[in-house]
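Below is one structure, written out as structure tokens; comments come after it.
As the structure is a prediction and not an experimental result, all values here were calculated from the model. Lettering of chains follows the sequences in order, A, B, ..., and the numbering in each one begins at 1.
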Protein chains: 2
Amino acid sequence: MTPLLLALDPARALTVSPPAAGSAETLDVIVGLFVLLLGAKVGEEIFRRLGQPGVIGELAGGFVVGPYALGLVAPGETATVLAEIGVVILLFAVALEIKTDQLLQVGRPALVTAVLGVVFPIAAGVAFAMVAGQPPSTAAFVGLALAATSIGITSRVLTDLGVLDRRFSRIIIGAAVIDDVLALILIGIVSGAAEGDLGLATLGLVVGAIGFVVLGFAVARRARGVRREVFTWPLFADTPIVPVFLVMLALAILAALIGLAAIIGAFVAGLIVAETEAQDEIEHEIRPLAAVITPFFFAVTGAQLDLAALADPWLALSAVVLAALGIATKVVAGLIGARGAGRWSALAVGVGMAPRGEVGIVVVTLGLGLGLLTTDLFSAVLMAVVLTTVAAPLMLNLVIPRAAAETEAVAVPLPEPGSG
Amino acid sequence: MTPLLLALDPARALTVSPPAAGSAETLDVIVGLFVLLLGAKVGEEIFRRLGQPGVIGELAGGFVVGPYALGLVAPGETATVLAEIGVVILLFAVALEIKTDQLLQVGRPALVTAVLGVVFPIAAGVAFAMVAGQPPSTAAFVGLALAATSIGITSRVLTDLGVLDRRFSRIIIGAAVIDDVLALILIGIVSGAAEGDLGLATLGLVVGAIGFVVLGFAVARRARGVRREVFTWPLFADTPIVPVFLVMLALAILAALIGLAAIIGAFVAGLIVAETEAQDEIEHEIRPLAAVITPFFFAVTGAQLDLAALADPWLALSAVVLAALGIATKVVAGLIGARGAGRWSALAVGVGMAPRGEVGIVVVTLGLGLGLLTTDLFSAVLMAVVLTTVAAPLMLNLVIPRAAAETEAVAVPLPEPGSG
């Protein structure tokens, strides 16, 4: 009798699925994630005990455990993906606190701030690059890198300080969304011009980006009072969290495919859910996810910071000059655009628009890829982007308490009858 | 005047940190995760509407979108890591429902079930491999692959059916933990013997594994009534979730470093937290994390299933025979070990121990790496491991309602005074 197993054909047997990536490799990645999360949280703890913003502590913690300091961990694919999902969840959670009515109320100052906040930094960046003897298309890209606003850091600071319901917070958030659409359109135009192609593709991009945001806003307006059951009809949905998480991811992916930042899609998803009856429940359920996953965004950002590069005086000086230009132009844009909101509020708007974060990093990387930025320009602009991102929370911590003192909450609770 | 940027040294500028992995690459991974999660949930929905276990639907959904069917997504590093973290969270959440008292009450049946559930499958696997003309060390590895129990699938079914508080559920879970420790020790001994080394390292492994579980259990016993403040003293801890998540990851990593499955560490962490005053709050906060992350474990497992391999009649027959042996031996172990718990309960214990899951996959991969398994044996045993994993929930769905009907919950709520 032929033993069963010897009758097997080894060649065919090879078609059986291989096991997943080695568990040792998986373990290494999980250890790296643990170190990043622990670093971020220890950093936050130290900074908060010192009275500084927790988010700077998370950035610092990521830097300390990262490749440019202790070298305990070098964020790879998984950490980068969790960082992106983390900031997506953060912006979703921020939008969950916002009603579209409140955004419409700040439409004018947000629009003016956004437009000026794109025009001024581009003008400053172009002027700087022209002085440095760069061609116009390169100068345009330096300007663009300074124009993009990353709202992740500011959102976190506004949440930590409990001022998301203030008028200046709405202006910052509204302006940042408009700013992202404007920056995307300009990036498309400059890239198209650099490649000698300014045709239908660019037009499609412009229409797609504006269409996505406007359509999302319109859906949010019509979502008011939508029943919880819209999210819980599937049997798998004991609570609305999984269907809502899928919607959030889908809109983030759609936004990214159009060319917008993924966080814009997440923000739109949050605006929509905020109007429905599931808002309260989702607000509670998103919190543990945000608490565990968003620190990866800040830790990974911190881990990309190479302070040693600042030892080169020329590089440091260029970066500092560009960062100062970037911050100053956004502050002026805020002071003009939000001037009706009060002096400190307008300043808070300007400072809140200052961080360039991952949007700026994407722009400089694109510029390098298109051959529009030299390595030295790339380094200087990248350092400037990082500096604006790190400096903003420190400035916000000084400005926001004063801004909060001069304004009232947008949604003032009705005084209880018979009270005080 | 020298323009500022031209003075930069490009060589030094290169030391500036490069941007994170391209955002296009990150987006691809996020799209893959979205497709896996959506596939798992659509699969669950269809199976539950057909009255079948939701977890089989998640496996099927992962299979359908995976590389061996539609090919929409091939789980890479991030999906594999999320799958592992997902099953870690699942076992943590399961342990969170269990008091050590309740495990001690089932100590005897759990121990007997675990020991027999390791001895019988090894005997059957060895007999099978010897008949197939394999050398003793190879036969031992085939037996070992059938001995390991993966409690992930069963835990999920017990949770879905709401019977985690039943006596048979405690026996299954207690036996699975003991089983994992026994399997680890045997794997260490067989691997050591294969490499001609049975010395201090093996002894260290045995002591480490037993020590970890015993120590964890002892800590859980002493954690009774520990204050919530133990987890919320850091300023970053608005709620206990982040510190507890870090403890869970740390114990999972520690268990994996010792050589135990990571889920054993997560289980011990859950046992400890279950005794503290933070239990109730953590139970609520872990739910959204489990809802979003654990489906990746089942979807990734399903995506590794290559049904085409079953088209080879000999491979299919070997796999089916091995799977039948694997299930029958565990069922007999359960019937003997848990005979005091009632007929259907004892059957439920046996069936509940049947899935070999990722522990079995790790063992066969190790055997292949040590040169103890040929490619054809590897394929057959791997298919058998997968079959036990897929068959178990279907059988549990038939057995558990009967077992639940013949037993009462371990913790019977006191009747309210004056009630019926």
Side-chain angles (χ1 to χ4, degrees), chain A residues 3-8 10 12-17 19-21 23 26-27 29-31 34 38 41 44-45 48 54 68 77-78 80-81 84 131-133 234-236 241-242 245-246 249 253 256 285 288-289 291-292 304 306 309 312 314-315 318 361-362 365 375-377 379-380 382-383, chain B residues 3-8 10 12-17 19-21 23 26-27 29-31 34 38 41 44-45 48 54 68 77-78 80-81 84 131-133 234-236 241-242 245-246 249 253 256 285 288-289 291-292 304 306 309 312 314-315 318 361-362 365 375-377 379-380 382-383:
Chain A
L4 193 59
L5 286 165
L6 297 184
L8 289 173
R12 267 178 297 169
L14 276 171
T15 63
V16 171
S17 73
S23 59
T26 302
L27 183 63
V29 175
I30 292 176
V31 171
F34 175 75
L38 187 65
K41 287 296 149 182
E44 179 181 0
E45 188 68 16
R48 282 179 65 170
Y68 300 107
E77 178 193 299
T78 303
T80 308
V81 168
E84 182 71 15
V131 168
L235 292 179
F236 70 75
I241 187 71
V242 174
F245 193 87
L246 283 168
L249 269 192
I253 289 168
E285 295 200 290
L289 285 160
V292 168
Q304 286 163 9
D306 182 6
D312 178 334
W314 288 109
L315 180 57
S318 299
I361 293 174
V362 167
T365 311
T375 318
D376 50 356
L377 252 178
S379 305
L382 187 64
M383 285 302 303
Chain B
L4 194 58
L5 287 166
L6 297 185
L8 290 173
R12 266 177 297 170
L14 276 170
T15 63
V16 171
S17 73
S23 58
T26 303
L27 181 63
V29 176
I30 293 176
V31 171
F34 174 75
L38 186 64
K41 287 295 147 183
E44 179 182 0
E45 188 67 16
R48 283 180 64 171
Y68 299 108
E77 178 194 298
T78 303
T80 308
V81 168
E84 183 71 16
V131 167
L235 292 179
F236 70 76
I241 187 69
V242 173
F245 193 87
L246 283 168
L249 269 191
I253 289 168
E285 296 200 290
L289 284 161
V292 168
Q304 284 162 10
D306 182 5
D312 178 334
W314 289 109
L315 179 56
S318 300
I361 292 174
V362 167
T365 311
T375 318
D376 49 357
L377 253 177
S379 303
L382 188 64
M383 283 303 301

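Summarising the geometry of A/Thr78 relative to B/Glu77, their closest heavy-atom pair is OG1-OE2, 2.6 Å, with the distance given to 0.1 Å. The two residues A/Ile241 and B/Pro288 make their nearest non-hydrogen contact at CG1-CB, 4.4 Å. Closest non-hydrogen pair, A/Ile30 versus B/Glu84, comes out as CD1-CG, 3.5 Å.
Ranked by heavy-atom pairs under 4.5 Å with chain A, the list B/Leu38, B/Val81, B/Leu249 is led by B/Val81.
Heavy atoms of B/Glu44 lying under 4.5 Å from chain A belong exclusively to its side chain.
For A/Val242, the side-chain contact (heavy atoms from CB on, under 4.5 Å) criterion is met by A/Phe236, A/Leu246, B/Lys41, B/Ala291, not counting sequence neighbours.
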